[in-house]
Number of protein chains: 2
Amino acid sequence: MKVSATAHRPDRSRRSAGRGGASRSGTHRLGTRGRPEESRAAILKAAVAEFAEHGIAGARTDAIARAAHVNKALLYYYFKDKDALYEAVLDHVFSGLRARVMPVLESKLPPRRKMLEYLGAYFDYIAANPRFPRVVQGEWMRSGANGSARMQRVARKYFRPIFGKLAQVLREGIEAGEFRPVNPMDFVPSVVGVIIFYFSAAPLMKTLMKLEPLSEKRIRERRAFVLDFISAALFR
Amino acid sequence: MKVSATAHRPDRSRRSAGRGGASRSGTHRLGTRGRPEESRAAILKAAVAEFAEHGIAGARTDAIARAAHVNKALLYYYFKDKDALYEAVLDHVFSGLRARVMPVLESKLPPRRKMLEYLGAYFDYIAANPRFPRVVQGEWMRSGANGSARMQRVARKYFRPIFGKLAQVLREGIEAGEFRPVNPMDFVPSVVGVIIFYFSAAPLMKTLMKLEPLSEKRIRERRAFVLDFISAALFR
DNA sequence: TTCATATAATTAACCAGTTAGTTAGATTAT
DNA sequence: ATAATCTAACTAACTGGTTAATTATATGAA
């Protein structure tokens, strides 16, 4: 065993990184059949759905391949193993969040405005991708061994910078007397909880209430509530 | 095959349910070796830990048996299958919560006091059992097929009554002008999110901050924050 | 008191189905 | 041709669940 050649190629994203004189013409993709980037994207998308629905252990690689209309071996061509695929999903989810949220936090808005913009941006990102919380929820709690390592990487890469900026906004707002004094270590996870939890619990709520919790109208109401709720809790 | 007798006995808890004229004397347990109730309890406890750590699909029945110092077959003697064991865990968790929280909601306290008592009781229950959120989180999102059925039962049995009482408190408080007007469908899940999320995220926070998020001191601070945060958001 | 019997509690060993991951080859654009 | 892209079929390992036997306890008839 362990003789194999098909070693996984980690860096799939580069397109025409002219390595060694081979490619010269302006054509931008070599030796390709079908649409490889699309295959990869389809796999990732299917993985998001599958991981969201069943969690990491419950997710079936066969199901992902089937949903992506792709042979299972292709998963292992693009991703080292199931774990790496899950990490790719995490990166996808959180890089999207960061892209949406960091510009706001780095803007020159006054604290109060900035906080509201942040909350809105965060909410909108999740509302546009209601599956994302479910992909993550199942994993950021496990402290044991490997799970921890995986999430720690994500945490350091995405959470830390966001948390840092957010703590700074809080400091400024408190100093300016606009915010009530709060510990970021308490405030930040509370906000995340308020925003995320509603979407995690939506399937369940649907069975209890008569209202569809993810209808457009409801989501608008929910957005207004969240902003108001946190405003009332934070602003003086 | 299928000749066997050892069919799973669902109702383990009854002790001296004198069935048919056979037993008459007051003796309460027959043909018993070891401490069966203890075995069952050990299994349940181990299951809580295992399900919390790995989720339902990731949990290993072998690991549960090992942790409970019990042969694996004994799991299936006390519980029909892995799924039934998980349901038993859910019942354990939520019946504990209900026991802790319903008396408060059924008391005669004025709305404001009652809400604060409720929040405190809820928080304390979770703080005393920080694993519980993790046991549940992984499951109440999956709407697909079986997962839904399982959680719907729990939802109807435990959530609905609590939600109902809570909605009533809100109505009264709002009517009395003590509370700001909020939709229970928004307020309730927000509160749950704020309380629960901190504990779910604790393992991760531990790796980011230097502070131990579950230290006694920190938990006291957190409790105060949660009550204050929600008070500020709800009370006029 | 004692011994046969029923029954509850427990276990070692096993099995069948599932699943992550592999392999050897096919297909296609250049 | 050749490297990139893709696939059907396979396998090694794992895991939920079963089985048949075993041990301990209580019961009650002799």
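Letters go in sequence order (proteins before strands), and every chain restarts at 1.
Atom pair A/Asp83:CG and C/dT19:P shows a separation of 17 Å (rounding to whole Å applied). What separates CG of B/Leu85 from P of D/dT15 is a distance of 16 Å, to the nearest Å. Rounded to an integer number of Å, the gap from B/Ile43 CD1 to C/dA9 C1' is 11 Å. One atom, OH of B/Tyr76, and another, C1' of D/dG16, lie 4 Å apart when rounded to the nearest Å. Per the geometry, NZ belonging to A/Lys80 stands 11 Å off C1' belonging to C/dG21, to the nearest Å. Rounding to whole angstrom units, CD1 of residue B/Ile56 and C1' of D/dT15 are separated by 15 Å. What separates OH of B/Tyr86 from P of D/dT15 is a distance of 19 Å, to the nearest Å. For the pair A/Phe79 CZ and C/dA20 C1', the computed distance is 16 Å after rounding to whole Å.
Between A/Thr61 and C/dT19 there is no side-chain N or O to OP1 or OP2 distance below 4.0 Å. Proximity of A/Arg60 to the phosphate of C/dT18: no side-chain N or O atom is located under 4.0 Å from OP1 or OP2. When the side-chain nitrogen and oxygen atoms of B/Tyr77 are compared with OP1 and OP2 of C/dA9, one or more of them lie within a distance under 4.0 Å.
The salt bridge (charged side-chain N to carboxylate O under 4.0 Å, His left out) check on B/Glu212 picks up B/Lys206, with sequence neighbours excluded.
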Exercise. Can A/Leu75 and A/Lys82 be said to form a side-chain contact (heavy atoms from CB on, under 4.5 Å), step by step?
Worked result: CA-CA 8 Å; A/Leu75 299 200; A/Lys82 191 185 182 185; over 6 Å; no

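Residues A/Phe132 and A/Tyr125 bring their aromatic ring centres within 6.0 Å. Remark: aromatic rings of A/Phe197 and B/Phe197 are distant, center separation not under 6.0 Å.
Residue B/Ala59 is classed as a sugar-phosphate contact, given heavy-atom separations below 4.0 Å to backbone atoms only.
Contacts between residues 66-75 of chain A and DNA chain C, defined by a heavy-atom separation below 4.0 Å, involve A/Lys72, A/Ala73, listed by number.
Using a 30° and 60° split on the angle between ring planes, B/Trp140 and B/Phe94 fall in the tilted class, from 30° to 60°.
Paired with A/Pro161 under the rule side chain to side chain contact (heavy atoms under 4.5 Å, CB included), one option of A/Arg156, A/Glu106, A/Met102 passes, and it is A/Met102. Each of B/Arg153, B/Arg150, B/His92, B/Lys80 was compared with B/Glu87 under the side-chain hydrogen bond (donor to acceptor under 3.5 Å, both in side chains) criterion, and only B/Arg153 meets it.
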Problem set entry | Under the 3.5 Å Watson-Crick or G-U criterion, the dot-bracket string of DNA chain C, with | for inter-strand pairs | ||||||||||||||||||||||||||||||

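A salt bridge is defined here as a Lys NZ or Arg NE, NH1 or NH2 lying under 4.0 Å from an Asp or Glu carboxylate O, and A/Asp91 with A/Arg98 fails to meet this definition.
At a threshold of 4.5 Å between non-hydrogen side-chain atoms, the residues B/Met185 and A/Phe225 do not count as touching.
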